[in-house]
Amino acid sequence: MNKPEQLRFADAYPELHRDPVPVEPYISPAYFEKEREAIFKKHWMNVCRIDDVPNPGDYVVKEIAVLRTSLLIVHGADGKVRAFHNVCQHRGNQLVADAKGCSKFFSCGFHGWVYDAEGKLVNVPDANEFYKLDRDSLKLKQLPCELWNGFVFFHPQAEPDQPLVEFLGELGELLKDYPFEQMRRVGAWRTKVACNWKVFIDAFQEGYHVPIVHRRSLPDVYVAGDSSSCILGGARLYDKHRALSTPAGLSRNPKPTEALVLKLSSALTRDMDNADSLMPGLNPTGIDEWAFDINVFYPNFFIDPSNGWYFSYNFWPISVNETYWEVNIHMMKPANLAIDVAQEYSKVLFRDALLEDSSTLERTQLGLESGAITHLTFSDQEIACRHLNHVVERDIRNAEV
Amino acid sequence: MTTRQLPAQFAELIPLTEAWGQETETERNNARVTSEMEDVQAFYDAVMPHMENILAFLGKHDDTAAAPVRNLAFLAKSFIEASVCVELFHATTVPDGFDYRRFKIFSPT
Ligand code: FES
Ligand SMILES: [Fe+2]
């Protein structure tokens, strides 16, 4: 049976068409080159959290393949976090080889030029052999870098066309008081998958797959009412970002271990059932039986929060059909070891559910590349996938004019 | 491998710590996915009757507790790994899942 027309998400977004969406953007190397220029070189992107570089001197190195660069994120002595291209200004050697560490200075492994944490060139061996050394122009190349709620963002251009908070917009405003700082990272996973970045993102911005893909790990968990479907309780499309809310089937009988841990802590499978104590920014459409929200910051960053935990995804394209994925899950600091163990249940279940999700990705990419399918037939429940295609297409078109 | 100390009232579980008491997710998960399902089931069956008591005990301690108490928490976390095998997957790995060896664990604990 079709839903009554007035209940469709699409009705609120007339700028989105309802036709099948071409496969081309998911498989074309030429299209990927356009995305690199029009999207990944032009937007604020989250690169890590402040807890990756908590103290002055702490640094991390991130390979950003889509920008063909390596970034050096440094917590300066002045407390500021900065982003540099990890490239020595002498002859271009990669400056820092370690993935992370703590140091006041960075010394190049080729000829020994030394930079400080603010990117200043502070030592050049045999400096008087150079004809002229303009140290000011030989500073590390810095990129705009800003913090929002402990998330470190950088912008690939020297002059971003808007400040970070303005870019995060309404969705950032919604989450600004969520207690990110009271949580600690409990899980972190990384992998490289042979699929387009949009195939990857699409797999995590709809609930339609849940009763099939997660039939083992999450049976009847994220279902709406008495149904066996994961019908999303809200879809909010912003200019470029988008958000969804996932339902929770509260009538289900928990599994034995789940029942034990639910006495101690909110869990991945079920949040505290008491809506009066929801943390700020959650369940903005006020659905009754709610599990968590899916907040997608364009182009490649998710924050999916619930009442006591949130997970985040960063999707980093490598090529048209390769993507590097970073997943982190944070939970409230536990008051005791029993809660710590209870939280482990959600962490382990989440990780294993991600293995289910990920199983579809490479098969999907191969299917798309086979030529046997030319268009994707998205339902109203997959409106976020349609929106992503819409925004990508618009960015590319705007870059061409 | 050797066993680890546990608080006195859980002494009967000490032999289990040899295979199931690792400190990190990487090690605990590795123990799970490289075991036979019958061994995972046996571990689950041995610990399940104690879980309520274990959680009640751990509820009185935090991560500054003495080593035997923390060891008990590690054992309970291994039990969590086993519980999803027994209660959900009926297998040591995720059926039809992405290759777990490609999914690198960087979790802090
Ligand atoms: S390339 Fe770095 S010192 Fe020469
Ligand atoms: Fe999923």
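Everything numeric here is computed off the predicted structure, so don't read it as measured data. So you know, we letter chains A, B, ... as the sequences are listed, proteins then strands, and number each from 1.
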(request) Identify which of B:V69, B:D62, B:V86 forms the greatest number of heavy-atom pairs closer than 4.5 Å to chain A. (result) B:D62
(message) For chain A, which candidate among B:I54, B:T64, B:N29, B:D63 shows the most heavy-atom pairs at distances under 4.5 Å?
(response) B:N29
(message) My understanding is that only residues two or more places apart in sequence, or in another chain, count here; which of them pass side-chain contact (heavy atoms from CB on, under 4.5 Å) with A:N336?
(response) A:A338, A:I339
If I measure from the heavy atoms of chain A, does [X] come under 4.5 Å with its side chain, its backbone, both, or neither?
{"X": "B:Y44", "value": "side chain"}
{"X": "B:R32", "value": "side chain"}
{"X": "B:F74", "value": "neither"}

Please classify the contact of [X] with chain B as side chain, backbone, both or neither, using a heavy-atom distance under 4.5 Å.
{"X": "A:A335", "answer": "backbone"}
{"X": "A:V186", "answer": "backbone"}
{"X": "A:L264", "answer": "side chain"}
{"X": "A:V213", "answer": "neither"}
{"X": "A:P219", "answer": "side chain"}
{"X": "A:K263", "answer": "side chain"}

Quick one: do [X] and [Y] make a salt bridge, cutoff under 4.0 Å?
{"X": "B:R28", "Y": "B:E23", "result": "no"}
{"X": "A:E356", "Y": "A:R215", "result": "no"}
{"X": "A:R252", "Y": "A:E258", "result": "yes"}

Considering only heavy atoms and a distance below 4.5 Å, find which of [options] pairs most often with chain B.
{"options": "A:R184, A:R185, A:E344", "value": "A:E344"}
{"options": "A:A342, A:P334, A:S359", "value": "A:S359"}
{"options": "A:V341, A:L337, A:N328, A:T191", "value": "A:L337"}

(request) Check the angle between the aromatic planes of B:W20 and B:F43 and answer parallel, tilted or perpendicular using the 30° and 60° thresholds. (result) parallel
(message) Quick check on the 6.0 Å ring-centre criterion: do A:Y313 and A:F200 meet it?
(response) no
(message) Is the distance from the ring center of A:F292 to that of A:F311 below 6.0 Å?
(response) yes
(message) For a quick test of reading the model, state the closest non-hydrogen atom pair linking A:E362 to A:A194 and the distance between them.
(response) OE2-N, 2.8 Å
(message) Please tell me whether A:E369 and A:N321 have a donor and an acceptor in their side chains that are separated by less than 3.5 angstrom.
(response) yes
